There are 2 protein chains.
Amino acid sequence: MNDMTIGEAANRSGVSAKMIRHYETIGLIATPARQENNYRTYGAGDIHRLRFIRRARALGYPVATIRQLLTLWDDTNRSSADVKQLAQAHAAAMRRKIAELDAMARTVEYLAAACAGDHRLDCPILEDLIVNSQQSAAVARDDGDLAHPVSMVNMGSAA
Amino acid sequence: MNDMTIGEAANRSGVSAKMIRHYETIGLIATPARQENNYRTYGAGDIHRLRFIRRARALGYPVATIRQLLTLWDDTNRSSADVKQLAQAHAAAMRRKIAELDAMARTVEYLAAACAGDHRLDCPILEDLIVNSQQSAAVARDDGDLAHPVSMVNMGSAA
DNA sequence: ATCGACCTTCCCTCTATGGGAGGGTCAAGG
DNA sequence: CCTTGACCCTCCCATAGAGGGAAGGTCGAT
């Protein structure tokens with residue numbers, strides 16, 4: 001049953017070989033058996049688990065939470081309340097981040113709308129950055145609780 | 001006029017001393033003059049610039065964009081159209097991220113609502129993770145354009 | 001024999017921020 | 001004069017999640 005190489009496992013699970021190795025080193029998945037040539041071998045069960053992880057990542061679950069979900073998945077004595085709790089906490093965290101982003105987006109959009117966007121150099125956007133530079137951000141602080149060290153949002157790109 | 005130490009500059013600008021040094025190494029701010037004891041010295045102009053940066057970060061601008069904004073700020077031949085363009089691109093990027101997060105949050109909320117949350121182990125959330133593990137994410141792919149290598153969302157925390 | 005497609009490990013990069021070690025500087029107070 | 005404490009300095013490390021790429025082993029087919 002343990003017959004797939006990491007490449008096949010990647011294809012079937014949708015998780016890249018690189019990430020499969022990574023999940024192994026951080027202990028999300030078990031250390032796989034090796035062939036004589038030292039190649040990792042995976043079976044149907046591993047693919048299942050990898051797909052579970054991929055789906056959970058696609059739903060935005062951080063790896064730390066996925067670890068808990070996998071534990072619950074394996075636990076035949078689990079109660080659905082635990083799973084639900086994780087889901088609700090995750091949804092709430094996403095809602096918080098959305099509110100934060102939305103507040104920033106609204107401010108930027110407001111400023112952009114107020115900017116003529118012509119050849120002149122007067123610009124309300126730069127004015128704001130200069131003048132309002134004493135206030136804190138819109139919703140830049142994440143409200144304690146389960147908050148992480150990083151409070152400001154990191155946009156992937158913008159220009 | 002150049003009389004402040006980095007600590008004072010941090011207090012007055014709201015940017016931590018650590019980050020002031022960091023912005024210096026990545027070239028966001030100029031290399032400051034030093035005292036005889038090798039301490040950095042800052043003046044009113046530096047504080048102004050640091051506040052500008054802080055405000056821009058609070059609005060979610062990535063550092064790369066702030067670099068451009070600072071260039072425009074310094075440029076007395078700038079046209080407001082350039083600044084507006086940066087703002088609109090940034091707002092659009094945030095809106096894209098919000099849509100992505102919202103799609104994920106709605107899915108997770110839907111699943112959580114469908115989960116009894118009691119002592120039993122049946123759970124639609126885990127079912128989804130297992131069953132739907134072949135589909136890609138809700139809106140997990142960011143649509144080309146200005147997209148970065150990272151397509152999935154990284155939540156700061158969730159549980 | 002050799003080519004190409006795999007696999008292995010190890011290290012580096014990205015974003016933005018902070019922690020902490022190990023050591024220098026300086027003013028106040030004993 | 002010396003200590004204490006509050007600064008400052010420069011490095012290195014860590015975070016989260018993914019990927020790039022080098023240097024080398026393995027294997028099947030030509």
Side-chain angles (χ1 to χ4, degrees), chain A residues 3-11 14-28 31-42 50 53-54 56-67 93 97 137 140-142 147-158, chain B residues 3-11 14-28 31-42 50 53-54 56-67 90 93 97 137 140-142 146-158:
Chain A
D3 43 4
M4 280 171 269
T5 64
I6 200 171
E8 289 176 57
N11 282 337
V15 178
S16 72
K18 209 93 190 191
M19 290 312 296
I20 294 178
R21 293 198 196 92
H22 179 61
Y23 291 151
E24 179 187 335
T25 68
I26 65 173
L28 248 203
T31 306
R34 302 285 185 128
Q35 287 176 316
E36 307 76 42
N37 54 15
N38 201 32
Y39 287 13
R40 290 170 177 81
T41 50
Y42 298 93
L50 285 169
I53 294 170
R54 196 188 58 139
R57 284 294 300 135
L59 289 179
Y61 283 100
V63 169
T65 308
I66 296 179
R67 199 185 295 274
K97 191 135 267 173
R141 49 169 73 258
D142 38 2
H148 260 214
V150 176
S151 66
M152 273 177 184
V153 172
N154 303 311
M155 288 299 304
S157 70
Chain B
D3 43 4
M4 279 170 269
T5 63
I6 200 171
E8 289 176 59
N11 281 337
V15 178
S16 72
K18 209 94 190 193
M19 289 313 295
I20 294 177
R21 293 197 197 93
H22 178 61
Y23 290 151
E24 180 188 333
T25 68
I26 65 175
L28 248 202
T31 307
R34 302 286 186 127
Q35 288 176 316
E36 307 75 43
N37 53 17
N38 201 30
Y39 287 13
R40 290 169 176 81
T41 51
Y42 298 92
L50 285 169
I53 295 170
R54 196 190 56 141
R57 283 294 300 136
L59 289 179
Y61 282 99
V63 169
T65 308
I66 296 179
R67 198 183 296 273
H90 174 47
K97 192 135 264 172
R141 52 170 70 258
D142 38 2
L146 303 161
H148 258 213
V150 176
S151 67
M152 274 178 183
V153 172
N154 304 310
M155 290 299 303
S157 70

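Computed from a predicted model, the values in this text were never measured in an experiment. Letters A, B, ... are given to chains in the order of the sequence lines, protein chains preceding strands, and every chain is numbered from 1.
- Each end of the helix from C/dA1-D/dT30 to C/dG30-D/dC1 yields a helix axis from five base pairs, and these two axes differ in direction by 40° (to the nearest 10 degrees).
- Here D/dC7 presents its C1' atom at 15 Å from CZ of B/R34, a figure rounded to the nearest Å.
- Taking atom CD1 of A/I66 as the reference point, atom C1' of D/dA18 lies 13 Å away to the nearest angstrom.
- Judged by distance alone with a 3.5 Å cut-off, a donor-acceptor contact links the side chain of A/Y39 to the base of D/dG25.
- Checking the phosphate oxygens (OP1, OP2) of D/dG25, no side-chain nitrogen or oxygen of A/N37 falls inside 4.0 Å.
- In the set D/dC9, D/dA18, C/dC7, D/dC9 carries the atom at the smallest distance from any side-chain atom of B/I6.
- Using a 4.5 Å cut-off on side-chain heavy atoms (C-beta onward), A/R67 and A/I26 make contact.
- Listed nucleotides: D/dC8, D/dC27, D/dA18. Nearest to the side chain of A/R57: D/dA18.
- Per the geometry, NE2 belonging to B/H22 stands 18 Å off C1' belonging to D/dC9, to the nearest Å.
- In this structure, B/H90 contributes its side chain and B/L59 its backbone to a donor-acceptor pair below 3.5 Å.
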I'd like a list of close polar pairs between nucleotides 20-24 of chain D and the protein, N/O only, cut-off under 3.5 Å.
unit_1: D/dG20; atom_1: N7; unit_2: A/K18; atom_2: NZ; d: 3.0
unit_1: D/dG20; atom_1: O6; unit_2: A/K18; atom_2: NZ; d: 3.1
unit_1: D/dG21; atom_1: N7; unit_2: A/K18; atom_2: NZ; d: 3.3
unit_1: D/dG21; atom_1: O6; unit_2: A/K18; atom_2: NZ; d: 2.4

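- Nucleotide C/dA16 holds its C1' atom 15 Å from the CD1 atom of B/I20, rounded to whole Å.
- D/dA16 atom C1' lies 13 Å from atom CG of A/L28, rounded to whole Å.
- B/M19 places its CE atom 7 Å from the P atom of C/dG18, with the value rounded to the nearest Å.
- Residue B/N38 has its side chain nearest to D/dC9 when only C/dT8, D/dC9, C/dT17 are considered.
- Atom-to-atom, CG of A/L50 to P of D/dA18 comes out at 12 Å; the value is rounded to the nearest Å.
- Counting any heavy atom pair closer than 4.0 Å across all strands shown, B/R40 reaches sugar-phosphate atoms only and no base atom.
- With D/dG19, C/dT8, D/dC8 as the candidates, the nucleotide lying closest to the side chain of A/S16 is D/dG19.
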